[in-house]
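Residue numbers run from 1 in the order of the sequence given. Because the structure is predicted, anything quoted here is derived from the model rather than measured.
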Amino acid sequence: MRNSKTHFKSYFRYTHNIIIAIEAILSNKMKAFLTALGIMFGVAAVISMLAIGKGAQQEVLEQIKLVGVNNIIISPIDQSIDGNGDNESGNKQKKFSKGLHHLDVEAILETVPSVKKVSPVVALNYHAIKEGKSYPVLLEGVSSDYFEMLNISIDKGKKFSNQQTEKGVPVCIIGDNIRARFFNQDDPIDQYIKCGQVWLRVIGTIQKRDFTTSASDEMGISSSDNKIIIPFKTMLMRFKDRGAIKADIMDNMAGGGFTFFMGGNDDDEKETKSAKTNNQLDKIIVQVDDTEKLSATADILKRLILRRHSNIYDFEVTVPELLLKQQQKTNEIFNIVLGAIAGISLIVGGIGIMNIMLASVWERIREIGTRQAIGASRNDIIVQFLAESTLISISGGLIGIILGVLLAHIIHLTADIKTIVSFFSVVVAFGVSATVGIIFGYIPAKNAANQDPVESLRH
């Protein structure tokens, strides 16, 4: 019974001291607000900076998903395709490369055992037409494995089969923007779209997916919303085959280098970059069966293509997943730096609280002496001033959380930077702000408790 009475008295004393602290804060609202400013901006900085870092990390993960797992991209580079080399007798001889070709795809499948799937990509800019409506599109010729390799989901219908690819059947799969432009609410399956002089039957639509602005087409990431995807052989047989060149034309190209057109079955057609460098393909996407083999396979592919292209570097081999993972590591380091910088502002805010509270001790020294004279213990004074600093810090932390969330949202809207405010960052920022209030408030509280009551009353 006596123990419960003792606990009740202790609880009452602590509650009474905290109430006195709250009254002191409310009687000096402006001073308390200015004291908490450092904590407010510190917490806001921590939350907004961590939101930027979390958004960058999430963006990298999305890009890894977009490029597909274990993919390697082989693409042409913009340089002259003819060069010089020395033969065994020391005489100069001209070299010629026909650029990326479907024969390279066959060689990769036959030669490199770690390769799981390969898809050539040929891209041409066209205007699609339906019932008098015209819309600019990117026409891509690919293999049936292309969709699985790049994690592209079919919303309606189905992807084209290997048989349709081999026979060059005029079928297509359209992006979401094209579906909305030409068909609106109608079912596009088994309807026709005209590209150039070719009517294409729609057999599927691509599911719309989020596409980050920082994603790079060079890493195999591009939006499918404005694409019409057709079988690779359909592109070569019915639209354009840039590799169908006679030997004498190839010799002329090697010596003079001019842009050529095969077929010319659409006035609106525009050559892509690869056409100017005599590449039949705009890209080759290779999928490796094991992540650990990515670097080794990329090196083998480089040597294989280089040998097939007469030792001319008219291509580049990119491993998007490795590049993105390296970018992710850089982002993690960047996040630590941002968090550390924002954390410093919290420490500065804590020092501000300590300075103001120390000044407050001297301003209220008569109050301290009066409380001690009527029976307040040293612990009562410590609890009072420690409660003031902690409440100011916690209040600043709560306001800082709101400011941090708003700041992260503003950054996302104005700078087009993805930001994600995580629950973890909010808890950490709030916890640090409360801890700062306790740590930096203890010295002023102890200083107040150590005052001599007689000297305090004389002050």
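- Using modelled atom types, no side-chain atom of H102 and backbone atom of P120 make a donor-acceptor pair closer than 3.5 Å.
- Taking the side chain as every heavy atom from C-beta outward, K418 and I52 never approach each other to under 4.5 Å.
- Few gaps surround NZ on K159; more than 12 heavy atoms of other groups in view lie less than 6.0 Å from it.
- Residues Y442 and F385 keep their aromatic ring centres 6.0 Å or farther apart.
- The distance between the ring centers of F160 and F232 does not fall below 6.0 angstrom.
- Side-chain N or O atoms of D186 include none that pairs as donor or acceptor with a backbone N or O of P188 at under 3.5 Å.
- Side-chain contact, T297 with S114: a donor N or O sits under 3.5 Å from an acceptor N or O.
- Between the side chains of N279 and H101, no donor-acceptor pair of N or O atoms lies under 3.5 Å.
- Listed by chain and number, the residues in a salt bridge (Lys or Arg N to Asp or Glu O under 4.0 Å) with K117 are E148 (sequence neighbours excluded).
- The residues D176 and R179 are annotated as salt-bridged, a charged nitrogen and a carboxylate oxygen being separated by less than 4.0 angstrom.
- In this pair, H412 and H409 present their aromatic rings tilted. The plane angle is within the 30 to 60° band.
- The environment of Y135 atom OH is dense: over 12 non-hydrogen atoms of other residues, nucleotides or ligands sit within 6.0 angstrom.
- Closest heavy-atom contact between G397 and V43: O-CG1, 3.6 Å.
- Closest heavy-atom contact between Q191 and D187: NE2-O, 2.6 Å.
- Listed here is the closest heavy atom pair of L398 and F430: CD2-CE1, 3.6 Å.
- Atoms CG and CG, from D314 and L100 in turn, are 6.5 Å apart once rounded to the nearest 0.5 Å.
- For the pair S433 (side chain) and I39 (backbone), a donor-acceptor distance under 3.5 Å is absent.
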For N162 and S144: C-alpha separation, side-chain torsions, deciding distance, then whether side-chain hydrogen bond (donor to acceptor under 3.5 Å, both in side chains) applies. CA-CA 6 Å; N162 291 329; S144 57; 2.5 Å; yes

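- For the pair I72 and A298, the tightest heavy-atom approach, listed with the atom from each and the gap, is CD1-N, 3.8 Å.
- With hydrogens and angles ignored, the 3.5 Å screen pairs no side-chain donor or acceptor of T111 with any backbone N or O of I108.
- Distance check: T234 OG1 to Q164 CD gives 8.0 Å after rounding to the nearest 0.5 Å.
- Checking side-chain atoms of S393 against main-chain N and O of S389 turns up no donor-acceptor pair under 3.5 Å.
- In this structure, the side chain of N71 engages the main chain of M149 through a donor-acceptor pair within 3.5 Å.
- Expressed to the nearest 0.5 Å, how far CD1 of I173 lies from CD1 of I206 amounts to 6.5 Å.
- With a 6.0 Å radius and a threshold of 12 heavy atoms from other residues, nucleotides or ligands, Q207 has its CD atom above the threshold.
- Once rounded to the nearest 0.5 Å, the distance linking OH of Y146 with NZ of K283 reads 6.5 Å.
- Put simply, the side chain of K29 gets close to the backbone of L26: a donor and an acceptor are under 3.5 Å apart.
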